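Before any comments, here is the structure.
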Protein chains: 2
Amino acid sequence: MAEEIGDRAQHLLKVLVESYIRSGQPVGSRALARDSGLDVSAATVRNAMADLEELGMVSSPHTSAGRVPTNRGYRMFVDSLLTVKPLSEREIITLSGQLGVDGSNQELATSVSDYLAGMTEMAGMVMIPRTAKRSSLRHIEFMPLSGRRILAILVINEKDVQNTVIKVDRQYTSAELQQAANFLNNELAGHELFDVRHRILKELRETKDGMEQMMHQAISMAEQLFVKPESEADSDDFVLSGQTRLMGFDELSNIEKLRGLFEAFNEKQQILQLLDRCLDGDGVQIFIGEESGYGVLDECSMVTSSYQVDGEVLGILGVIGPTRMAYERVIPIVDITAKMVSAALAQSK
Amino acid sequence: MAEEIGDRAQHLLKVLVESYIRSGQPVGSRALARDSGLDVSAATVRNAMADLEELGMVSSPHTSAGRVPTNRGYRMFVDSLLTVKPLSEREIITLSGQLGVDGSNQELATSVSDYLAGMTEMAGMVMIPRTAKRSSLRHIEFMPLSGRRILAILVINEKDVQNTVIKVDRQYTSAELQQAANFLNNELAGHELFDVRHRILKELRETKDGMEQMMHQAISMAEQLFVKPESEADSDDFVLSGQTRLMGFDELSNIEKLRGLFEAFNEKQQILQLLDRCLDGDGVQIFIGEESGYGVLDECSMVTSSYQVDGEVLGILGVIGPTRMAYERVIPIVDITAKMVSAALAQSK
DNA sequence: TTTAGCACTCGCAATCTTAGAGTGCTAAAC
DNA sequence: GTTTAGCACTCTAAGATTGCGAGTGCTAAA
């Protein structure tokens, strides 16, 4: 069935997609023949179109409209036909100017997301997996609350603070908690989170007996802090900005669709699962339409890239926009942004 | 000009608004005569409508449509014509069930906002002024960062944590910072924020000389933490939920309007300024259409109420929806919610 | 394999029509 | 003076009709 696509058909597909991305209008055979640069007639183009249609690369909205690329057509386009424009010097400079290295990861993520949204005129996003492997524990602090609850404050890396309320078996005094925190800081501070988790589990196993009561309790508190979150592989930090720009696109003028999309943004869950899938991949990755498996992303594409330090993936960033987007511009933007974020993080280390 | 409105005209306005809120359709004279309960003919109603139109209470979309209330008409309606339905027992129980007292204020706000959104099928919002008067400082902690920066962690009230990065004149060691924190905790912990600010300024004035170097520095750090934020009367905590529900209303099916609205939600600034204005008011307050002065709220109304403890206003909560909303239902919901939140907060004190 | 020619299909926009709803006004009735 | 009935008038929303333009698919010839 899936026959080989001839060189000419490929070229025509490329020109068609480019034209459609530019104008948003179905492309007819006459116009395509003209723009293709090839010296062929419209009729020949029509034959090629018939082939492409059979292969599911293009389709007509109706009998006498031109052709429009299908998701599969877009896929072929970005995979093997696209010619990427490098970014201009100026644009790169703008970005590097925006990347302040101080401020928390949160702030960095926000500014990067804004930048992506601004440059592409679409929605930008940045994910920081909370359990980023490179994170190391800096400091633990406990504070008693009313009724058997304790406020735990974790300082992670340089400047990220996390606080959690944990429940314990009885009331503790400030002094006791201080002692527990000291103990844990001694044991755990400076180690990577991954490591911390390990140590806690190990200690738990080893200390069934003959250990000071206090340590025992301290470790069980730490367990609540570090071990549970792993199983709830839930909310990573996730910044999304410029969503409202998506309301400007015709293909999303259907309110129902838009609503679904914004609900998905609010949920975060779905989007995050999707982004998780990108964590392994290298370089820029693209989801076209509902390839992602999420109906709400029907008319949308995501262009993402991971950013990393020392070859280790720290997170994902990218943009969301209509399927009909200027890939040849968006892809290098996402690519470069990811690289510059990687560089900035490496430097601030 | 603004002549007195007759009793009958008032009654007719009331019935008209109710009918319009129910159906969303302009109300004609015949239907209004029928529904009014009055024993008058359509012609009489027409005369009354002509009067109301002259007073700016109603208007016709076009010559041969019925009448629609204007903002002014709505205003009159909610101010003096509305009969409020009390909430059913069941609904109140649902709410009190949802109000968990544990968890941070953030979490409380989120759950209240969700509740409002769910009950009214519109968008819910809760504001917690960051500088809430009743807040008292619990604990301060410093941690050195690279390059003359210090991470400050404030625990406020029971369970709210705030962290800020401050810049200082030189590097400090952990020990020095510990000392400074101890000093500040001794001086300030347990006091209300308002008080804290006062004390810092006082100390600053008094300690020009003859004070230990260290205290001096500690106080100037504290100044950065507590005094500056007051001038930037910027971001209070603000939770908004169920925005996407607004996309379901016909009057907001205009994408441009919707976009403006959602951009305002993202900015927060504008909405917050608006809510600030409610802080003084007592009980339920209502903004109809662009009464607020913000064009983006054109076809929307806000129903808000403050919540308080010991007679002191802590924040604002409410809902946003289309001007054409079921006020007689929404108002008691907002009212009761505010009261229950107030009660819950008083109890958790 | 490519091309020209031609009949055919379809959507879109403009125009017209009709039905229905509701008004404003006037003159009579209470 | 207020209320009512009657009537002409206006306006919209929803179909129906039309013509145009764009583009296709097919066939037969180059």
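Only a predicted model underlies this, so the values are computations on that prediction, with no experimental measurement involved. The basis for the numbers below is simple: all heavy atoms, side chains too, and nothing from hydrogens, waters or symmetry mates. Letters A, B, ... are given to chains in the order of the sequence lines, protein chains preceding strands, and every chain is numbered from 1.
- Of all the residues in residues 22-34 of chain B, not one reaches under 4.0 Å from DNA chain D with any non-hydrogen atom.
- Distance from the side chain of A/Arg67 is smallest for D/dT24 among the nucleotides D/dT3, D/dT24, D/dT4.
- For DNA chain D, if you chain together Watson-Crick or G-U pairs that step i with j, i+1 with j-1 and so on, the runs of at least three with distances under 3.5 Å are C:1-30 with D:1-30.
- Qualifying side chain to side chain donor-acceptor pair (under 3.5 Å) partners for B/Asn47, counting only residues two or more places apart in sequence or in other chains: none.
- Within the structure, the salt bridge (charged side-chain N to carboxylate O under 4.0 Å, His left out) test picks out the following pairs touching residues 12-28 of chain A (sequence neighbours left out): A/Lys14-A/Glu18.
- Counting only residues at least two apart or on different chains, the side-chain hydrogen bond (donor to acceptor under 3.5 Å, both in side chains) pairs with a member in residues 32-42 of chain A are A/Ser41-A/Thr44.
- Among residues two or more places apart in sequence or in another chain, the side chain to side chain donor-acceptor pair (under 3.5 Å) test is passed with A/Ser292 by none.
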With 3.5 Å as the limit, what N/O pairs link the protein to nucleotides 5-12 of chain C?
from, atom 1, to, atom 2, distance (Å)
C/dC10, O2, A/Ser64, OG, 2.9

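- The side chain to side chain donor-acceptor pair (under 3.5 Å) check on B/Ser80 picks up nothing, with sequence neighbours excluded.
- Legend: side-chain hydrogen bond (donor to acceptor under 3.5 Å, both in side chains) pairs involving residues 242-264 of chain A, not counting sequence neighbours, sorted by first then second residue: A/Thr244-B/Glu263, A/Lys257-A/Glu299, A/Arg259-A/Glu263, A/Glu263-B/Thr244.
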Could you walk me through whether A/Ile92 and A/Glu89 pass the side chain to side chain contact (heavy atoms under 4.5 Å, CB included) test, one step at a time?
-> CA-CA 5 Å; A/Ile92 294 182; A/Glu89 201 74 19; 5.6 Å; no

What pairs of nitrogen or oxygen atoms, one from the protein and one from nucleotides 28-30 of chain C, lie under 3.5 Å apart?
none

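- Considering only side-chain atoms of B/Arg8, the nucleotide from D/dT3, D/dG25, C/dT2 that sits closest is D/dT3.
- Residues passing the side chain to side chain donor-acceptor pair (under 3.5 Å) test with B/Asp335 are B/Lys339, sequence neighbours excluded.
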Between the protein and nucleotides 18-20 of chain D, list the N/O to N/O atom pairs that are separated by less than 3.5 angstrom.
none

